[in-house]
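Excluded from the calculations below are hydrogen atoms, water molecules and symmetry mates; all remaining heavy atoms, backbone and side chain alike, are included. Atoms within a ligand are numbered from 1 in the order they appear, just like the ligands themselves.
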Amino acid sequence: MVLNPVISKLAGKLVVLASASPRRLEILRNVGLRFEVVPSWFKETLDKSLFKAPYEYAVETAKQKALEVARRMPIKHLKTPDIVIGADTIVTVDGLILEKPVDKHDAYRMLSSLSGKEHSVYTGVAIVLCHEKENEEVDYQLIQFYEETKVKFADLSEDMLWEYINSGEPMDKAGGYGIQALGGMLVEYVHGDFLNVVGFPLNHFCKQLSLIYNHCTSSSDQKSESVHLSVNGTHPTPVLSQPTPSVPAQSSHGSSSIPKPSSSSSSQTHHTHCSLAHKVKRKGSDSEVSQSSWMLVNSLSKHTDGREAKLCNSENTTSPLITRSEQLIERDVTEHEDSEPRKEDLERISELIDGFKASKALFTASRLRVFDLLHRMPGLDAAQVGQEVKASVKGTECLLEACVSLGLLKSKDRTYENTDLATSLLRSDSCFSLHGHIQHCDDTLWPLFSHLESAVEEGHSQREKVFSRKPKEDTFHNSQEAKLRFMNAMHSVAKVAGKSVATAFDLSRYKTACDLGGCTGTMACELTKAHPEMSVTVFDLPAVVELSERFRPLQSNNRVSFVAGDFFQDELPKADLYILARILHDLTDEKLHILLSKIADVCKPGCGLLLSEIFLDEDRSGPSRGLLQALSMSEGKQRSATEYSLLLKSHGFNTAQIRHTDNLLDAMFCIKA
Ligand SMILES: Cc1cn([C@@H]2O[C@H](COP(=O)(O)OP(=O)(O)OP(=O)(O)O)[C@@H](O)[C@H]2O)c(=O)[nH]c1=O
């Protein structure tokens, strides 16, 4: 079928991905779909012997995953999604269904059964469309389909098998391998949609969406089969299984009665476009990783039916795949070496080279309170600004011009005023001021980053080396000052990100909360604003609680109280929701487990845990904000949402929802099992 643009059709709809799979999240995020992640609690324990074909099992599991979330959300999250997407990936070989291995031996069993053979990967997908009716009942409409991809593994030696298993990669992946990463080494060829193996058949999914939202008529090879479930409360009852006008068609791979796809042998080839290709583009083509991804993508080809793809390899040739891929890489490298550098590459590198200059210009203007001044007195010229901030005219002029070029100031006839960005984020007294954070970057991070080379060589932060050189830092007064500066930094980030985190989830069932390490109480304040029946205790070190009084006039809220204590040593205040905002990334594994065990001990089943951190992309390729921060961290580490989720799970907290907020901090909501 002809594919029409469709992702934009979902704008404004509450789309929910009922999956904890980081790969599915990334595949869908890469195409610009905006959605919430609510991992399904459905246990993958359907009796496989009841299904005639393996894909029926995958489709049914996907359906149950999606329906569980579609049914839970109106009750537990008090909102009805528009669309819930569920998926399930399985590997089948020799008539067996392989899911995720339970341990290394299980992984060994799976991978050795795949060695030297072709197997099928099926991903079943269920799209549940939720229609709220006037009587508060929800009508669920179900579209389900599956996609098959054939994959052939090389013969794997025992050493290869164990080296791969010991990498840890197999454990959360169907069949015990990840084709998108190290597992790619094991693969001789792929017939079909590559992303289907990774966990989500994007192309087929878009075609289905197109059928739903573009109201196309189905092509002749497509059968129509959609299921309506009329749901009252929590118990769905299948009432009908037939085509409907609003969901016109089901693809040829739709649900149980549909025959297996035939293996196509068309000779026309096209290069596939998958998320890896986008990534290569985004990252530039210099790194080895990018090149190998590029090779992988380009060595796939697509047949005319648009779904069956095959490597340019066949068993009756010596190894055309390798030859072709090598040629592609060779050509790519040569082209890059010989040709003039591309304009955008030069721009990107210059930007990076000058990044430190831009940062320092911002820090300096901020320290001199240029943005405060120009807010009070817009339209000053360089001499007037210099006089006010007690700086030279020449130096001030250079600084102001640099700020204009960075979009922080506007100039007209050699006079200056703030841009909107400066007014909202850079003034020291604005509601969302990042002034405190900027000062912290200048005072603490700047010196640390100037010792980055030693930090990288030695493998630990240079904090002690850098700051013990300045004896004045050790006096009580200065350490007090340093504490205040740090609190100011935390305060300013919490002011900017607090609302996004506090409103990320419906927490209205919780009446008492405790913000551990809650500093000045800004996040606590945002939580009470977002949840009018909630009271929040801020628990922090005595010195912090004492100093936080200076910020209290800002928190005019009697539902926020402060308790002094050390969360490693003292009893935690009782609450039914605990908040950990920007705490975990900074702790060693040991401390982290002590803290999480303490929280788990005081939490009854049903208690909540709200975690707020920067969540790294699952492949740790971004965001730079998180990865750059890691360069100056003394202990601890940055993690992805899945890593946090697994960590919390090991202490009995199930992830209920994850929110990438597009703000400075992301959020995850977990419930004590
Ligand atoms: C073959 C293959 C699989 N996978 C992953 O295997 C999991 C399958 O498990 P699932 O049960 O379908 O999903 P899940 O991870 O448990 O998530 P959920 O949807 O919440 O059940 C998914 O993650 C897939 O990406 C890869 O990442 N690469 C591969 O090459």
Residues lining ligand 1 [heavy-atom distance under 4.0 Å, listed by chain and residue number]: Ser19, Ala20, Ser21, Arg23, Arg24, Glu44, Lys65, Ala87, Asp88, Thr89, Lys100, Asp172, Lys173, Ala174, Tyr177, Gly178, Ile179, Gln180, Val197, Val198, Gly199
Can you give the donor-acceptor pairs under 3.5 Å from side chains of residues 9-20 to other protein atoms, not counting sequence neighbours?
{"residue": "Lys9", "atom": "NZ", "partner": "Asn214", "partner atom": "OD1", "Å": "2.4"}
{"residue": "Ser19", "atom": "OG", "partner": "Ser21", "partner atom": "N", "Å": "3.0"}
{"residue": "Ser19", "atom": "OG", "partner": "Arg24", "partner atom": "NH1", "Å": "3.2"}

Testing Arg620, Lys649, Lys637 for salt bridge (charged side-chain N to carboxylate O under 4.0 Å, His left out) with Glu643, which one passes? Arg620
Looking only at heavy atoms, which two atoms of Glu169 and Ala181 are closest? And how far apart? OE1-CB, 3.1 Å
Can you tell which of Leu25, Val125, Leu195 makes a side chain to side chain contact (heavy atoms under 4.5 Å, CB included) with Phe200? Val125
What about the rings of Tyr177 and Tyr164, do their centers lie closer together than 6.0 Å? no
Are any of the side-chain heavy atoms of Phe153 and His119 separated by less than 4.5 Å? yes
